[in-house]
Amino acid sequence: MSRKQVDHDYNLRSMSNLMGERRKKVSDGGERSLIRAPSSASITSQGAFAGASARAARKQFQQDVTPGFVYVLAAFSALGGFLFGYDTGVISGAMLLLKRELDLSALWQEVLISSTVAAAALSALLGGFLNGLFGRRVCILLASFFFAIGGVVLSTAPGKEVLLAGRLIVGVGLGIASMTVPVYIAEASPPHLRGQLVTVNTLFITGGQFTASLIDGAFSYLQRDGWRYMLGLSVLPAVLQFIGFLFLPESPRWLIQRGLTQKARRVLSQIRGNQNIDEEYDSIKNSIDEEEDSGAGPVIWRMLTYPPTRRALLVGCSLQMFQQLSGINTVMYYSATILQMSGVRDVRLAIWLAGLTTLTNFLFTLLGVWLVERVGRRKLTLGSIIGTCLSLSLLAIGFLVTAQHSPPVTFHPLDPSMANSTCSKYQLCEPCMLDPGCGFCYRENVSALLASSCVPVNKASTERAAWGRCSNSSLIKDRTYWAYNYCPTSYSWLVLLGLVLYLAAFAPGMGPMPWTINSEIYPLWARSTGNACAAGVNWTFNILVSLTFLHLAQYFTYFGAFFLYSSLSLLGFFFIYGCLPETKGRRLEEIEALFGNRLCSCGASDSDEARQVEYIRVKGSNYHLSDNDASDVD
Ligand SMILES: O[C@H]1[C@H](O)[C@@H](O)[C@H](O)[C@@H](O)[C@H]1O
């Protein structure tokens, strides 16, 4: 079959896929289906059939009791999310101790932090191939194996080189888990619970980040080897997941694709409890049989040359890109400093309070789990990104006002080392604190700042100056303070408000939805590859945003950096508004049809448009579905 024919037939296929089993049901009297289809009179009455039947099916699914096994399966899978959050979150606290004990240079610190994310980006891409070849279960086993080995290597590392090896091993696990777990949960869940269960994975990510901040806080008191515990504790959930997955089944969709039909039926019965699985089995089988005609060549090539999957890929990858471009990891990382700005001058207390940021992120992700099946993915994502954009603007304004009221440097100490330092040239606190090599040392009386200077930072710890009044600790007698990375200000409440609003807006939608939506928008043959690409994009932009933040802040100030993130979120809003269809409640096999729809016209050429018009014409005249479907994707 030629490519053109394949393309032309796509829309019909998707719809016949959707409708085929129902037509079959009508002809064999409906006794194979547990879905109580409408009476044959109503079925044959044109127009009412499709929407009513789809809705009845959905309702029926919701009424059927979902076996507890599905929840167990989702929870064990989401341990991968927990490790994602823990391993990415714990490093900031561990680094504070590591750089002191191992005397790490700034470059080594950067390498240890970024190597994991870079390894995750690469292994996420590779994970698509592994998923197709070995299945989801083996990939999750592999990921937990890497997490466990990585944790052991990290906690026993004699030096920085072995630490780097451990961080790379953990990164490989992260990449594979981040792309496999959402797919596995989506494929095992019934449609009415899918969004919620996949979103639980992101809840576990934020739970992992929260746990990491608590562990960081607790072990920071240890004089020696605290970092070994921080990094090594991840072995426990990894081993738990590994053992769990020795007993959990493979995804039925992957099994059917591999021709392991008996096994697939067994797993389907296990995860659907007392429901009749014939309908779902047939639907998956139909979709696989028909996709076998979708052409030859590497999957990514077939995806890119096939308008519906090309569109799905564009939407999926862009969602992940906009998630990272809205600066979540910068905001989280920066929260300790924001707290210091608002008057929490004790570094340890600021670290503990930063745990509140991760807790807020976690709690609002919980809200997302509750909302996803109620308001749907599209509305939740749109609402979230617009809130994210506004709160980023508020953060930016907060930083602008703070900078405009920046306290002056009132005296320049006479130390010979100052001659070679850039710190001596700054007249205000703002440029002084934007220079990573300098900090602001100031004395405060009740109402004003007195005797403030800009001095070099101590190489071993940013908690104090290299010499002078502030070289002992960040909190000094006589109300003399050391401010690294921030300036004393009375407008910090604005920044704090921006931070809280940001998390409240981001966490329920932009945090989880890119993962949830990616797990459901690709047809089975393209699902592993689509998720691998999207996860790869997420990790790549994660590293890009975190590596550029300090430079951005140095050149454009904090105001500029956050304003840029806000503008990028606005761009994301328009993109999502134009391109993201609603996938709530649909079967995975139905969703591909949405991307053949004109309403999602991103990346569509003129000839694609023509095909979409044809699709809607066929849909309207043959199946009388247009009303119901249009309202669903609107
Ligand atoms: O969805 C997650 C989550 O929102 C995390 O808080 C964030 O650190 C990750 O980068 C993101 O992918």
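Nothing here was measured: the structure is a model prediction, and the numbers come from that model. Each ligand, and each atom within it, is numbered from 1 in the order the structure gives.
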Colleague: Going by salt bridge (Lys or Arg N to Asp or Glu O under 4.0 Å), Glu520 matches just one of Arg253, Arg586, Arg377. Which one?
Modeller: Arg377

Colleague: Side chains of Arg136 and Ser528: any donor to acceptor distance under 3.5 Å?
Modeller: yes

Colleague: Could you check whether Arg310 makes a cation-pi contact with Phe595, meaning its NZ or CZ is under 6.0 Å from the centre of the six-membered ring and within 45° of the ring axis?
Modeller: no

Colleague: Looking only at protein heavy atoms, identify the closest one to atom 6 (O) of ligand 1 and say how far it is in Å.
Modeller: Gln209 OE1, 2.9 Å

Colleague: Below 3.5 angstrom, do we get any N/O pair linking Asn361 and ligand 1?
Modeller: yes

Colleague: Within a radius of less than 6.0 Å around CZ of Phe219, do more than 12 heavy atoms belonging to other residues, nucleotides or ligands occur?
Modeller: yes

Colleague: Hey, is the main chain of Met510 close enough, under 3.5 Å, to the side chain of Gln323 for a donor-acceptor pair?
Modeller: yes

Colleague: For Gln320, is the nearest heavy atom under 4.0 Å from an atom of ligand 1?
Modeller: no

Colleague: Taking the minimum heavy-atom distance to atom 1 (O) of ligand 1, which of Pro512, Gly511, Ser178, Ser546 ranks first?
Modeller: Gly511

Colleague: Is it true that the side chains of Thr202 and Thr365 contain a donor and an acceptor less than 3.5 Å apart?
Modeller: no

Colleague: Check whether any N or O atom of Thr202, backbone or side chain, sits under 3.5 Å from an N or O atom of ligand 1, and answer yes or no.
Modeller: no

Colleague: I'd like to check which ligand 1 atoms, numbered from 1 as shown, lie under 4.0 Å from a non-hydrogen atom of Phe506.
Modeller: 4 (O)

Colleague: Looking at atom 11 (C) of ligand 1, what's its closest protein heavy atom, distance included?
Modeller: Gln323 OE1, 3.4 Å

Colleague: For atom 9 (C) of ligand 1, find the nearest protein heavy atom and state the residue, atom name and distance (0.1 Å precision).
Modeller: Gln324 NE2, 4.0 Å

Colleague: Under 4.0 Å, heavy atoms only, figure out whether ligand 1 is touched by the backbone of Asn329, its side chain, both or neither.
Modeller: side chain

